[in-house]
There are 2 protein chains.
Amino acid sequence: MIQDKKLNIINAAMKSFSHFGYKATTMDQIAKIAQVGKGTIYTYFSSKEDVLNEIIKLYVNEMRQVARGAIIQEDSFVKNFNAALHAITKFQEEHELMIKLSQEVKDMGTPEVIEVLQEVEDEICEFIEMKITAAIQRGELQKCDPKMTAFLMFKMYINLVNDWKERHQALDQDEITGFIKMYFIEGIGNKK
Amino acid sequence: MIQDKKLNIINAAMKSFSHFGYKATTMDQIAKIAQVGKGTIYTYFSSKEDVLNEIIKLYVNEMRQVARGAIIQEDSFVKNFNAALHAITKFQEEHELMIKLSQEVKDMGTPEVIEVLQEVEDEICEFIEMKITAAIQRGELQKCDPKMTAFLMFKMYINLVNDWKERHQALDQDEITGFIKMYFIEGIGNKK
DNA sequence: ATAATGACTATAATACTATAACGGTCAATT
DNA sequence: AATTGACCGTTATAGTATTATAGTCATTAT
């Protein structure tokens, strides 16, 4: 029953953050949606920011599940990389939360939101890093710094999925897999 | 003599934009520094934005010169890529203009400035694109879309030079050359 | 004639102030 | 022991008065 109340609050906050963003959501609103008194929120959370952080923690866990679910043991590293990132992207599109928070950072720059989005990015990079380390061990990838490789691959993925389409046309999943493979795995140099 | 006045104005505006940014620079200020009446500015330029655009046009030309100057015919594509980008970066650090304008975009989002910075980025990408096309023709690079390759290489360079150092430590020019070569040219895949 | 000028204007940004809304607390209530 | 909403100090917002700014144009200088 105690967990029930906390869950109500989390769900209410999640809903409101997704619809209106972090700043535009008031504690009174969360309390109203959750059907609890405002004070009750503070028995489970220390502040508004704390509510956001807990929600992101749950969200990141779900995201990790989704990414794991997209991976097929027998498939190549690149294929799984793209499958996982694509699954994460789709997950984020389905749940408005990240989209709304990204918007908020873009046009208001709310510091608390900047911080949690950075955390989400770090988590994704860490996930990729693990997969890279494994791929190196099984000999699929050459020795390289897993942290930096993860960072660069993630950035390239975002460049391909989001930034490229702003100036040219959008790419589908297979095209992206192809490009990542071409540029990152095989390289575009010609051996002499 | 007519060119002299226009040049005065351009130099005055350049100085003021570099010190105070675009928004914080007033036409009265430009006129004062250039030692002309404000009305005179409008015989050479149609608007404040026009002044900015002409300055950027000159700036991009200088940048191109600098980039060309950094290139050594006998050197490899990657080496020249890094030399050129490094020269551009140093050029931008020496002349405060770009740094000030980037700041302004970050904390005020002035639309006119966003636009010219995008133009500068496009110009750099076009420069890289030319070099890539040449490298493909002489067989140093595999066949690939030069526009996208230029875009991705530029972004990776920025990721390495700017974004990585925010979370970890800065990399020097040789390290960056090494990474670009490793990830982009040779690839990190292991042939079976 | 032509080019240059700065007082002038309409508009947009800023500073100021009064008001409302907010996050967080806590005495009263269940 | 858990829950609550009226309450408080602070911050954000709205409304308004004032200033500053981009751009014009009649006047002046060349």
Side-chain angles (χ1 to χ4, degrees), chain A residues 1-17 19-56 100-101 103-105 107-116, chain B residues 1-17 19-56 100-101 103-105 107-116:
Chain A
M1 214 73 314
I2 184 169
Q3 278 306 320
D4 195 44
K5 274 242 163 73
K6 189 173 180 183
L7 220 72
N8 270 356
I9 295 166
I10 284 185
N11 284 330
M14 181 96 95
K15 205 175 282 181
S16 189
F17 289 159
H19 276 307
F20 309 111
Y22 176 75
K23 259 202 86 179
T25 294
T26 67
M27 292 304 262
D28 284 296
Q29 205 174 113
I30 296 173
K32 201 175 161 188
I33 300 173
Q35 290 179 300
V36 297
K38 185 163 61 160
T40 308
I41 299 177
Y42 289 89
T43 61
Y44 301 106
F45 304 92
S46 65
S47 66
K48 189 183 178 186
E49 193 175 353
D50 189 35
V51 177
L52 178 64
N53 285 329
E54 286 227 26
I55 284 179
I56 293 296
K100 199 80 205 177
L101 294 182
Q103 266 176 10
E104 190 172 334
V105 168
D107 45 54
M108 327 189 47
T110 324
E112 300 95 307
V113 182
I114 292 177
E115 202 175 306
V116 295
Chain B
M1 215 69 320
I2 183 170
Q3 277 306 323
D4 196 46
K5 274 242 164 72
K6 189 172 180 184
L7 221 70
N8 270 357
I9 295 166
I10 284 185
N11 284 330
M14 182 95 95
K15 204 174 285 182
S16 190
F17 288 160
H19 276 307
F20 310 110
Y22 176 75
K23 261 203 84 181
T25 294
T26 68
M27 293 303 262
D28 284 294
Q29 203 172 119
I30 295 173
K32 201 176 163 187
I33 299 174
Q35 289 178 301
V36 298
K38 185 162 63 159
T40 310
I41 299 176
Y42 289 90
T43 62
Y44 302 105
F45 303 93
S46 64
S47 66
K48 188 183 177 186
E49 192 175 353
D50 190 35
V51 177
L52 178 65
N53 285 330
E54 287 228 28
I55 285 180
I56 294 296
K100 200 79 203 177
L101 294 183
Q103 266 175 12
E104 190 171 334
V105 167
D107 46 53
M108 328 188 46
T110 324
E112 301 94 310
V113 181
I114 291 176
E115 203 174 304
V116 296

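Numbers restart at 1 for each chain; the letters A, B, ... are given by sequence-line order, proteins then strands.
Between B/Ile55 and B/Ala13, the closest heavy-atom pair is CD1-CB, 3.6 Å. Residue B/Gly37 comes nearest to B/Ala31 through the heavy atom pair C-CB, 4.0 Å, listed as atom of the first residue, atom of the second, then distance. Residues B/Tyr22 and B/Glu104 approach most closely at N-OE1, 2.6 Å, considering heavy atoms. Between A/Glu112 and A/Glu49, the shortest heavy-atom contact is CG-CD, 3.7 Å. In this structure, B/Tyr44 and B/Ile9 approach most closely via the heavy-atom pair CD1-CD1, 3.7 Å.
When rounded to the nearest whole Å, the span between CD of A/Gln29 and P of C/dC22 equals 8 Å. A/Asp4 has its CG atom 16 Å from the P atom of D/dA2, to the nearest Å. If you take CG of A/Asp50 and P of C/dG23, they are 14 Å apart, rounded to a whole angstrom. Atom-to-atom, CD1 of A/Ile30 to C1' of D/dG5 comes out at 16 Å; the value is rounded to the nearest Å. Remark: P of C/dA21 and NZ of A/Lys32 are 13 Å apart, rounded to the nearest angstrom. Between the CD atom of B/Gln35 and the C1' atom of C/dG6 there is a distance of 16 Å, rounded to whole Å. Note: CD1 (B/Ile41) to C1' (C/dT5) measures 11 Å, nearest angstrom.
Residues satisfying the salt bridge (Lys or Arg N to Asp or Glu O under 4.0 Å) test with A/Asp28, not counting sequence neighbours, are A/Lys38.
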What does nucleotides 22-30 of chain D look like as a protein-contact string, B for base, S for sugar-phosphate only, - for none, at under 4.0 angstrom between heavy atoms? BBB------
Walk me through whether B/Lys6 and B/Glu54 qualify under salt bridge (Lys or Arg N to Asp or Glu O under 4.0 Å). CA-CA 11 Å; B/Lys6 189 172 180 184; B/Glu54 287 228 28; 3.5 Å; yes
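Residues B/Ile10 and B/Phe45 form a side-chain contact, since some pair of their non-hydrogen atoms from C-beta on lies under 4.5 Å apart.
Side chain of A/Thr25 to backbone of A/Ser16: a donor-acceptor contact under 3.5 angstrom is found.
B/Tyr44 has a side-chain polar atom (N or O) that falls below the 4.0 Å cut-off from OP1 or OP2 of C/dA4.
Within residues 10-17 of chain A, no residue is approached by DNA chain D to less than 4.0 Å at the level of any non-hydrogen atom.
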